[in-house]
Amino acid sequence: MSFLTLDGVTRQWKGQGGVQGISLALPRGEFLSILGPSGCGKSTLLRLIAGLEQPQAGRIVIDGRDVTALPASARNLSMVFQSYALFPHLSVAENVIFGLKVRRVGRAEREQRLAEVLTMTGLDGLERRKPSELSGGQRQRVALARAAVAERPLCLMDEPLSNLDARLRHSVRRDIRDLARKLGLTVVYVTHDQGEAMSLSNTVVLMQDGRVEQVGTPSDLYSRPATTFAAQFIGEPPMSLIEGPALGYPDEVTVGIRPENVRLAAAGGGDLDTVVADIEFLGGDTRLELDQSAARGLAVMLPGAAHIGIGETVGVTIPEENRLLFNSVTGKLEKEPQQNPKARNRQIPAPEDGQKAPPSPKTVKEDL
Amino acid sequence: MTDAFTLERRRRALHGWLLLSPALIMLATFAFYPSLATVITSLWSRGTRRNPAEFIGLENYRYLFDDPTFWQVVSNNLFYAAVTIPVSMALALVMALWANARIPARSFIRTAYFTPTVLPMIAAANLWLFFYTPSFGILNQIGALFGAGPVNWLGQPDTALWAICVMTIWKEAGFFMVFYLAALQTIPPDLQEAAEIEGASRWTYTRRIVLPLLMPTTLFILVNAMINSVKLIDHLFILTKGGPSDSSKLILYYIWENAFAFFDRPSAAAMTVLVLLLLGALAAFQFLVLDRRVHYR
């Protein structure tokens with residue numbers, strides 16, 4: 001029994017933008033990320049779930065209750081805004097308990113819940129500060145605390161980390177996950193950062209142009225992208241795409257390969273000859289950007305430092321078992337990598353966090 | 001070495017004074033000197049060809065405090081301020097909240113509200129003279145439809161000041177609305193959405209979030225409204241000339257009368273000094289006391 005269900009939800013402005021025919025089902029306690037480039041409709045989708053926008057077609061069901069026509073306040077959910085939306089004239093404590101006061105929760109209970117949530121978010125001692133006297137990370141925590149104190153089962157987050165610097169983003173990201181787990185929240189998290197989506201969620205919904213491109217676990221999206229768009233959006237660096245004929249396939253095939261599967265070979269000794277365009281030393285390994293007329297975004301990861309100069313010609317091997325074959329006209333995946341237990345068991349180099357996406361059954365059905 | 005350094009410092013100082021001078025000259029000529037001259041004038045007697053002016057200290061002020069008309073005018077002005085300021089500010093706020101909401105013909109409504117402000121005071125007063133005219137003025141014609149007898153709004157002491165107040169509110173509310181509207185538009189819409197998700201009603205949102213965030217604007221408008229309640233008298237010249245029997249006379253009009261109708265400049269100067277003191281005290285109170293309680297972003 002799913003907790004949040006969207007059924008053919010559509011909201012457009014003058015026939016464009018927005019979202020079209022989105023259907024999703026999300027079990028209780030799941031962490032769902034809505035991922036996509038800017039303007040793909042992911043924020044619209046979140047606002048539709050929140051009740052801040054009204055769908056033109058479709059149904060939204062939360063916890064077995066059809067909330068399509070209900071206002072935001074009646075949907076029993078909390079939300080964290082990209083801008084945090086803290087009330088600038090209220091102190092941290094007043095901001096957090098604003099909703100409790102509105103709902104006339106008794107004073108004693110209010111104080112107790114406030115204390116709990118402030119400890120949980122590490123805001124102890126800042127109760128009396130105004131938002132303008134807080135750092136960006138602290139403001140973010142206040143926004144989280146305000147969502148957490150409501151004790152509502154569904155929490156929506158709209159790019160909550162996009163205003164933080166890279167270092168803070170990491171620590172707050174961990175806090176969000178811990179908080180969600182501790183409170184047993186069902187979270188819908190909107191982001192344009194594939195690293196965030198991959199490291200945080202059980203399920204990722206990849207969107208493009210108002211439609212769902214692919215739904216799956218992070219590892220699904222990484223190892224079996226459904227389209228060339230998904231292949232190029234997920235992963236850092238993304239998947240390289242090579243025109244079929246260069247590798248002996250027919251015209252209508254595009255070959256996708258993850259950079260970590262590409263092997264260097266002597267010039268003329270591999271599947272393709274390429275020119276080194278750029279060298280990026282990343283500490284643990286080195287990334288070579290390669291120029292090849294038939295390939296897009298071709299790169300290779302080398303362990304340690306590389307002893308190759310820019311402009312040199314090198315050969316690359318594209319292992320057969322790691323190749324993904326896409327239809328170059330429709331962009332759809334035609335053939336998965338060959339079943340190679342060794343290759344499939346590779347740990348997903350989960351971006352930045354080093355966090356491995358939890359293996360979970362495919363929980364989201366997509367019926368477009 | 002030192003020479004170059006000193007030269008540079010002088011050059012900078014000169015530069016600074018040059019930048020300051022336009023404002024300094026304008027303020028000195030048209031604000032500081034006249035104020036000072038007024039204070040001095042108020043301490044001297046009224047000079048004629050036979051009796052040259054002489055220094056009489058606070059005599060002019062004592063004379064003023066013994067003048068019943070002065071007290072009548074002061075109480076008129078206090079009444080005028082006490083009625084027009086709260087009413088026009090409240091109206092302005094309500095209109096701004098309405099004109100800021102998502103309603104059809106929003107820009108038309110905003111323009112309509114702002115129109116009275118654009119009209120010159122004299123033109124507006126002429127308009128209202130027509131409204132208030134006994135028998136065939138609009139107000140009496142509407143009243144006649146409901147069987148009310150003709151009322152000479154401007155011609156009787158009981159209603160004259162009220163009539164002046166109503167016109168001032170009509171004129172000022174649109175002006176203040178623009179400030180409120182501008183302030184409302186700086187409030188991010190996220191705040192309303194956040195409050196909505198928390199379950200706050202529109203009224204709770206307005207009372208707990210919007211009004212506190214509008215406090216700086218309210219303070220600014222309050223200062224302006226207070227100054228205007230002393231400053232704006234143009235309509236008196238058209239509507240009542242302070243009558244009947246001083247019932248609608250405001251302090252600035254009385255000052256003008258003393259100075260240019262009765263040619264009693266020392267009295268006018270003394271009253272002006274009192275007005276300056278009062279406004280100065282108000283400004284000090286507002287900026288020193290009220291300011292601390294207002295949240296500025």
Side-chain angles (χ1 to χ4, degrees), chain A residues 43 46-53 62 67 70-91 94-105 129-133 139 142-152 154-160 163, chain B residues 89 92-93 96-97 100-107 179-223 286-297:
Chain A
S43 285
L46 194 76
R47 293 169 59 82
L48 283 164
I49 299 172
L52 300 172
E53 298 279 354
I62 297 176
V67 297
L70 294 181
S73 55
R75 295 191 177 194
N76 202 24
L77 48 82
S78 55
M79 183 158 170
V80 178
F81 289 81
Q82 182 174 5
S83 62
Y84 314 147
L86 301 179
F87 306 122
H89 59 295
L90 299 179
S91 69
E94 286 167 323
N95 259 294
V96 172
I97 58 168
F98 177 83
L100 300 184
K101 267 189 171 166
V102 168
R103 292 192 292 280
R104 304 191 188 289
V105 172
R129 298 251 192 112
K130 294 275 170 68
S132 57
E133 299 160 344
R139 281 181 216 178
V142 177
L144 283 178
R146 190 170 64 183
V149 84
E151 292 181 2
R152 289 169 163 183
L154 180 61
C155 183
L156 310 179
M157 302 192 184
D158 188 2
E159 309 217 11
N163 290 335
Chain B
M89 284 177 67
L93 181 60
L97 286 173
N100 194 43
R102 272 177 246 164
I103 46 168
R106 184 161 68 161
S107 51
F179 293 110
Y180 272 133
L181 202 55
L184 280 173
Q185 281 167 359
T186 65
I187 298 180
D190 289 6
L191 295 189
Q192 177 163 19
E193 289 174 351
E196 205 179 315
I197 285 178
E198 296 286 356
S201 63
R202 278 195 68 87
W203 163 241
T204 312
Y205 169 69
T206 305
R207 189 172 54 88
R208 296 276 322 272
I209 311 293
V210 174
L211 293 186
L213 290 179
L214 287 180
M215 272 316 282
T217 314
T218 304
L219 184 74
F220 172 78
I221 292 176
L222 188 64
V223 174
Q286 278 167 338
F287 287 111
L288 296 179
V289 181
L290 288 184
D291 239 22
R292 291 212 192 116
R293 300 170 175 225
V294 173
H295 164 79
Y296 283 101
R297 259 173 291 180

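Computed over heavy atoms, backbone and side chain alike; hydrogens, waters and symmetry mates excluded. In what follows, chains are A, B, ... by sequence order, proteins preceding strands, each numbered from 1.
Interatomic distance, CD of Glu94(A) versus CZ of Arg208(B), reported as 7.0 Å (0.5 Å rounding).
The candidate from Gly51(A), Gly99(A), Ser78(A) with the greatest count of non-hydrogen atom pairs under 4.5 Å with chain B is Gly99(A). For the set Leu156(A), Leu77(A), Leu52(A), Leu86(A), the entry with the most heavy-atom pairs within less than 4.5 Å of chain B is Leu52(A). For the set Ala147(A), Ala50(A), Ser83(A), Ala143(A), the entry with the most heavy-atom pairs within less than 4.5 Å of chain B is Ser83(A).
Nearest heavy-atom pair, Arg152(A) versus Ile197(B), reported as atom, atom and distance to 0.1 Å: NH1-O, 2.9 Å. When all heavy atoms of Pro88(A) and Leu213(B) are compared, the pair lying nearest together is CG-CD2, 3.5 Å.
Contacts from residues 198-206 of chain B to chain A, taken as heavy-atom pairs separated by less than 4.5 Å, involve Glu198(B), Gly199(B), Ala200(B), Thr204(B) in sequence order.
At a 4.5 Å heavy-atom cutoff, the contact between Arg47(A) and chain B is made by side-chain atoms alone.
Using a 4.5 Å heavy-atom cutoff, the side chains of Leu90(A) and Pro212(B) are not in contact. Within the 4.5 Å cutoff, the side chain of Asp190(B) has no heavy atoms near those of the Gln82(A) side chain.
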Verdict with reasoning, His89(A) to Met215(B), per side chain to side chain contact (heavy atoms under 4.5 Å, CB included)
CA-CA 10 Å; His89(A) 59 295; Met215(B) 272 316 282; over 6 Å; no
